[in-house]
2 protein chains.
Amino acid sequence: MKKYIDMFKALGDRNRLRILLMLRVRPLCVCEISEVLNIALSTVSSHLKILRNTGLIEDNKDGRWVIYRLAGGNEFFDEIMGAAAAHFEKDTQVIRDRRIIQKISREVCASKLNEKTNGDLG
Amino acid sequence: MKKYIDMFKALGDRNRLRILLMLRVRPLCVCEISEVLNIALSTVSSHLKILRNTGLIEDNKDGRWVIYRLAGGNEFFDEIMGAAAAHFEKDTQVIRDRRIIQKISREVCASKLNEKTNGDLG
DNA sequence: TCTATATTTCGAATAATATAGAAATATATT
DNA sequence: AATATATTTCTATATTATTCGAAATATAGA
């Protein structure tokens with residue numbers, strides 16, 4: 001029972017649900033997710049940890065980046081997402097997130113985060 | 001999107017999930033639910049309010065009792081429960097809860113709550 | 001090796017949620 | 001009407017979650 005409660009808890013946060021829907025487009029690094037959600041890297045990292053512990057996502061290192069992707073093989077999660085897919089396809093937030101994902105890359109978003117830190121020069 | 005987040009939040013609490021699974025056995029009054037979960041009536045009432053606001057349960061008055069039941073007609077919720085049904089059927093907590101439900105009635109649980117308040121006289 | 005980059009962990013502040021008990025409300029019974 | 005019962009609302013408190021910034025860790029490249 002706990003397993004299911006944890007999964008519902010994981011899905012019951014707006015930012016985490018957005019992350020999962022974003023990962024349906026393509027695998028993403030932490031700074032890309034941070035860019036789309038517009039929240040701190042450390043916050044993204046903690047959400048990713050929760051999703052990983054729930055078995056919903058997996059990660060692998062690629063150079064200095066950590067790339068996150070949907071875990072796959074979770075039948076229950078697939079059924080949930082399948083049942084809600086039609087709704088999410090039409091969701092304005094999801095559409096907006098996807099549009100941003102298509103514009104960014106792991107190389108670009110990193111430098112953008114730098115700009116912010118050093119004061120907006122651009 | 002909010003609608004789905006609210007539903008996941010509603011399902012992401014152990015007591016609320018137990019309530020929903022209990023209501024699959026039969027409609028229950030508030031004091032019966034309080035008896036099974038072993039938590040305060042006011043707490044049960046607030047959980048029921050959340051589940052009702054999420055559209056997962058409905059209620060009707062029967063004398064001085066308020067009887068709660070699964071709402072029905074919620075396709076997404078039905079799919080979730082269907083997908084998890086096999087697991088919950090085997091869950092020891094769910095089995096225990098059902099066993100208690102079969103032993104109690106709205107008339108009996110009310111008097112039991114009274115005993116507690118007046119000190120356990122046996 | 002030193003520096004820059006990407007991520008994670010840690011610590012603290014804030015916000016949200018769950019809980020219980022007391023008071024209020026609604027209904028049934030006498 | 002008065003009393004008992006069932007539930008809800010209100011208030012306060014305790015627990016849990018979310019968030020950020022700073023410090024720590026890990027990797028890449030000069």
Side-chain angles (χ1 to χ4, degrees), chain A residues 2 5-6 8-19 27-35 37-54 57-68 104-118, chain B residues 2 5-6 8-19 27-35 37-54 57-69 104-119:
Chain A
K2 184 178 185 308
I5 293 167
D6 287 344
F8 290 133
K9 273 204 181 114
L11 295 169
D13 177 88
R14 165 168 282 263
N15 282 332
R16 282 195 295 268
L17 187 54
R18 281 173 72 188
I19 291 173
L28 297 165
C29 71
V30 183
C31 63
E32 284 179 305
I33 296 169
S34 170
E35 172 81 12
L37 297 182
N38 203 33
I39 58 176
L41 281 164
S42 58
T43 304
V44 173
S45 189
S46 98
H47 282 310
L48 291 169
K49 190 177 185 179
I50 290 167
L51 291 172
R52 180 152 31 78
N53 289 344
T54 320
I57 63 173
E58 292 170 347
D59 64 284
N60 66 288
K61 281 210 143 185
D62 181 5
R64 47 195 157 184
W65 286 279
V66 179
I67 311 299
Y68 284 89
I104 62 176
S105 68
R106 64 184 75 164
E107 289 83 6
V108 175
C109 76
S111 54
K112 275 195 184 175
L113 286 171
N114 256 347
E115 280 178 33
K116 283 180 190 168
T117 308
N118 305 335
Chain B
K2 185 178 185 308
I5 295 167
D6 288 343
F8 291 133
K9 274 205 181 115
L11 295 169
D13 177 88
R14 165 168 281 264
N15 282 332
R16 281 194 296 266
L17 187 54
R18 282 173 72 189
I19 291 173
L28 296 165
C29 70
V30 183
C31 63
E32 283 179 305
I33 296 169
S34 169
E35 172 81 12
L37 297 181
N38 203 32
I39 58 177
L41 280 164
S42 58
T43 304
V44 173
S45 188
S46 100
H47 282 311
L48 291 169
K49 191 177 184 180
I50 290 168
L51 292 172
R52 179 153 29 80
N53 289 344
T54 320
I57 62 173
E58 293 170 346
D59 63 285
N60 67 287
K61 280 211 142 184
D62 181 6
R64 47 194 156 184
W65 285 279
V66 178
I67 310 299
Y68 284 87
R69 60 181 181 282
I104 61 176
S105 68
R106 64 185 74 165
E107 288 82 8
V108 175
C109 76
S111 54
K112 276 195 183 176
L113 286 170
N114 256 347
E115 281 178 31
K116 282 181 192 168
T117 308
N118 305 335

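Each chain gets a letter, A, B and so on, in the order its sequence line appears, and its residues count up from 1.
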Begin with the C-alpha distance, continue with both residues' side-chain angles, and end with the deciding distance and a verdict on side-chain contact (heavy atoms from CB on, under 4.5 Å) for A:Ile33 and A:His47. CA-CA 11 Å; A:Ile33 296 169; A:His47 282 310; over 6 Å; no
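- Among the atoms of the strands shown, only primed sugar atoms or phosphate atoms (P, OP1, OP2) are found under 4.0 Å from some heavy atom of B:Ile50.
- OP1 and OP2 of C:dA18 both lie 4.0 Å or more from every side-chain N or O belonging to B:Arg14.
- Proximity note for B:Asp13 (side chain, C-beta onward) versus D:dT8, D:dT7, C:dA18: the nearest is C:dA18.
- In terms of modelled atom types and a separation under 3.5 Å, the side chain of B:Ser45 and the main chain of B:Leu41 share no donor-acceptor contact.
- The CG atom of B:Asn15 sits 10.5 Å away from the CG atom of B:Leu48 when rounded to the nearest 0.5 Å.
- For C:dA18, its base never sits under 3.5 Å from the side chain of B:Thr43 at any donor and acceptor pair.
- Contact check, A:His47 against D:dA17: no side-chain N or O comes under 4.0 Å of OP1 or OP2.
- Under 4.0 angstrom from either OP1 or OP2 of D:dT18 there lies at least one side-chain N or O belonging to A:Arg16.
- Distance CD1 (A:Ile39) to C1' (D:dA17): 13 Å, rounded to an integer number of Å.
- Closest approach to the A:Ser45 side chain among D:dT8, C:dT8, C:dA20 is made by C:dT8 (side chain taken as heavy atoms from C-beta onward).
- A sub-4.0 Å separation between OP1 or OP2 of C:dA6 and a side-chain N or O of A:Tyr68 is absent.
- Between A:Asn15 and D:dA17 there is no side-chain N or O to OP1 or OP2 distance below 4.0 Å.
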